[in-house]
Structures are given as structure tokens and as C-alpha cells.
Protein chains: 2
Amino acid sequence: MTPPLHLSLAGQAVDVLREQVLTGEIAPGSRVNEVEVAQKLGISRGPLREAIRHLASEGLLTLVPHRGAFVPDATPEDVKALFELRTALECAAAELAASRRTDVDLVRLQEVCAESRRNYKAGQPFPYRLDLAFHQSLLDAARSPRIAEQVRLVQQRVVLLRSALEDDPPHQHASLDDHDELVRAIADGDAAKASAVMRRHLSRVCAQMLTSLNH
Amino acid sequence: MTPPLHLSLAGQAVDVLREQVLTGEIAPGSRVNEVEVAQKLGISRGPLREAIRHLASEGLLTLVPHRGAFVPDATPEDVKALFELRTALECAAAELAASRRTDVDLVRLQEVCAESRRNYKAGQPFPYRLDLAFHQSLLDAARSPRIAEQVRLVQQRVVLLRSALEDDPPHQHASLDDHDELVRAIADGDAAKASAVMRRHLSRVCAQMLTSLNH
DNA sequence: ACCCTGTCAACTGTCGACAGTTGGCAGTTC
DNA sequence: GAACTGCCAACTGTCGACAGTTGACAGGGT
């Protein structure tokens, strides 16, 4: 049996709130009222406060003393700083993946790339889910739990900012190429190239995000 | 006047607890009893719980459902994974510092190096404080707030593991040389070299930590 | 018309108390 | 003597209520 991952109300509240923040159900800039949300979840303010503090530590909420918790909305500076961090982490992960990958890691990466490309050729939009799957597979191949954990947190914050990134065909095409090239470098065990490609890839994504931020 | 940084009891509790954990006043492996500590701090369990959760999110405590919070003690795997993360972050910071540093940044770095060396030549132990000051100055020069924030958290966890790192003269000497070489690379704007030196430096520190972990 | 000030409702910060769970200990059985 | 079972104390998880602070609004003064 699956022993329920979160027994505690606080843990459940974290999951529900995270979902609502990431999907935009709670709009950026809006405030999280403790009593209101607590009633809506059917729990007391205690566990909810812990959940709010937890999400704040993940960067999904910002706390203002005596004012409450807010969903942060992104400034260009935030995006740049965030992508500098993401670049540092994922380039390192790409290097590690190039030197540590097993054959099954490689197969997994190639599978994800192939599925993304099938999807794209079929005219369907490149689902963000597959992009996440690619980066996740790369992290698995890197075998560095701490780095993987931090990347997950950063990606989460990126999701929070992501506007209409999915429906820009040129960008999607470039990303697919980047992924393929990344897999080739990792297959060759070329750490330097893997890092360089990742850096270029994230630089492109960051630029795309900055432009879509200015409408 | 300095408007008190932490008005809230929870914030104060975070500071006090962090200090006690980092100094080893609360020994690794030991348990944090909520009612006991709350009474000792003269506060209620509510704010203390928030403080505990906050420190847990920083990695200074580990939570076990229905059992409480424990100070984690380090395994070699933890140390390696932690240093992989630290290397990713600080190498990136070194690269950025090499390309973004101002002259005042450079002076600051050189000052810290000079003071460290004076201290060392005077036969005094290389204070950990100066090592932190060096890395902090480097982060200032890198001008990447997110990376700096993450490095701070990782360094904190390293402090938690640090045993007798200060009183090993050969290691101290090597570290001083590393720092000097790093400053030269940053002065030259040589990002690649700065990154490489940082990687070697942290690799050495990690190895030292692993050996001192096995007594 | 603008600004300054006093009041007030709403919300966060904090507390004490109750309920549910965990690990350990005593008692029993084989 | 060892293993199993049932009980118990200690502690965490949760709740409802009180206190202090914040931002907004109304009212009066300039």
C-alpha cells in the first residue's frame, strides 16, 4: 500500500496551495488571507500558517510582516537573477550527466526527445510537461541529489513566471534542437560541450521570457 | 536607529536556534523538544514551531513526522553532494565576478587576502571568519543575488559539518594560495581560470572535510 | 481643494489547551 | 530466557481565542 505521503494537514495544505499558486488560480500580486483560506480548506490557521511559511521558503510566496503573504509577480531583474542561478545549476548538472550517465539514462533522454519531436511535428504545441521531463531526466543522469533539489525549486519559480512560452513555434523548434544537441554531447561524454549547450539553451529561454514579459 | 530586524518572536527564535545549532550548542543527532525549548526561550510553541520549520527548510534541522526535529549529522555522501552543489554555485559566482567586478570589489578581495596572510604568518590560526569574508566578497563582486543567497545557505550547512578544519596548517596554506590565485584570475577578468581555480579549491576543502570526518 | 489627525475594522502574531500518535515498559506466555 | 501483547507517559499536531499592528476612512483644520 501507499502510505499516504502527507498525513499532516499542513502537508496537504502545502500541496493544495502550491498547486493553486502555480496554476495561477491564486493570481500573482494577490494576497493570501489566512482565515479565508483556512476556512476554505477546512483547517485551522495553525497548519495553514506553516504551509504558507513553507511555500515562502520555496519562493512561491513573499511574506510581509503584519501584512500577510503575497504571490510575487516578476520583474525583469528577478528573471535575470533567477536564470543566472538556474544556469549555474543546470550547466553543472549537464557536465555531471555527461560523465556519469548510464546507458539507460541515455535511452531515457533520447525517448523524451523523440516524443517531444513527434508531438511538435504533429502540429501540437510542445507541452511544458515534456520540457520538464527532459530536464528531469538530465538531472537523474547527473546523480547529484542536492543540485536536483535546487533545480526543482528554481524550475518551480520559473513556472510561476511562465506566460505564453509554449505557443511560440520558433522558440519551440530551437529548444528541441538544443535538447537533441545536449543529448549528443552527453552521449559523447563531452562535459564542456554539454555545459556550453545548456548555457546557450537557458540563455535563449531567458531572453524569450523577458520579451514575453514586456508583452 | 536600527529598526529591529526581527520584531516577531518567531524571527528571534530563528536567530537564537540557528546560532545554537551552528555552534554545536545543540549537538548533532540530538532532538529539539518543542515545549522544553519554548519554555527556555520564554515563548509559546506556535512561534517556535515556525522557527523550527524555517531552519528545517534551510537544512539545519530535519523533521520526522510525529517525532520532532533533529540536528542532522553528516554522512560522507551528504558532504559530497553538498560540495557538488557548492561547486556549481561558487564556480559560477567566480566566473561572474571575473567579468563584473569593479575596482572596489578587487580592492576588497585583496584586502581580505592580505589580512588572512598576515594572520597566518603571525602564527595564528586562519580564522574561519576570514574564509567566509573572502567568499562573501567574491559573491558581492559577482552581483547575482540569487546565487549569493543559495551559497549562503550551503555554507551554513558546511559550517554545521566543519570539524577541525581550521587547525591544519598545510590545508590553510593551500587555501591562502587558492584565494590569491582566484583574486588574480578575477583581476585579469579570466572567467575560465577563476572557475577552474575555485573548483580545485573546493575540491581540496571537500577532501579535507571527508578525511577529518573519518577522524 | 489639500492635508493632517483620530478612529476603526480587518488581519496577523501569539497563546494556552485538547486530541492523536509514537516509542518504551511492564506483564504474560511459550 | 526470549518474544509477544497491552498499557502508559511524552510529545507532536491541531484548534479556538485574545492581543497588537496596519491600512483605510471620516472628519476637521488650513
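Labels below follow one simple rule: chain letters A, B, ... track the order of the sequence lines, proteins then strands, and each chain is numbered from 1.
From the 5' end on, the contacts that DNA chain D makes with chain A at under 4.0 Å to a non-hydrogen atom open and close at D:dT14 to D:dG23.
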Protein and nucleotides 7-10 of chain C: nitrogen or oxygen contacts under 3.5 angstrom:
none

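At least one donor-acceptor pair closer than 3.5 Å links the side chain of B:Asp105 to the backbone N or O of B:Thr102. In this structure, A:Arg143 contributes its side chain and A:Ala141 its backbone to a donor-acceptor pair below 3.5 Å.
A heavy atom lying under 4.0 Å from DNA chain C marks the following residues of residues 45-59 of chain A, by number: A:Arg45, A:Arg49, A:Arg53.
Annotation: side chain of A:Leu82 is in contact with side chain of A:Val154 (closest heavy-atom distance under 4.5 Å).
With sequence neighbours excluded, the residues that form a salt bridge (charged side-chain N to carboxylate O under 4.0 Å, His left out) with B:Arg100 are A:Glu84. Listed by chain and residue number, B:Arg49, B:Arg53 satisfy the salt bridge (charged side-chain N to carboxylate O under 4.0 Å, His left out) test with A:Glu50 (two or more places apart in sequence, or in another chain). For the salt bridge (charged side-chain N to carboxylate O under 4.0 Å, His left out) test, residues two or more places apart in sequence or in another chain that qualify with B:Glu58 are B:Arg18.
Across all strands shown, B:Val64 has no heavy atoms under 4.0 Å from either base or sugar-phosphate atoms.
Between A:His179 and A:Phe134, the ring planes lie parallel to each other; the angle is under 30°, not in the 30° to 60° tilted range.
With salt bridges taken as basic N to acidic carboxylate O contacts below 4.0 Å, none links B:Asp78 and B:Arg157. A salt bridge links A:Asp178 with A:Arg204: at least one charged nitrogen is closer than 4.0 Å to a carboxylate oxygen.
Around CZ of B:Arg199, the count of heavy atoms belonging to other residues, nucleotides or ligands within 6.0 Å does not exceed 12.
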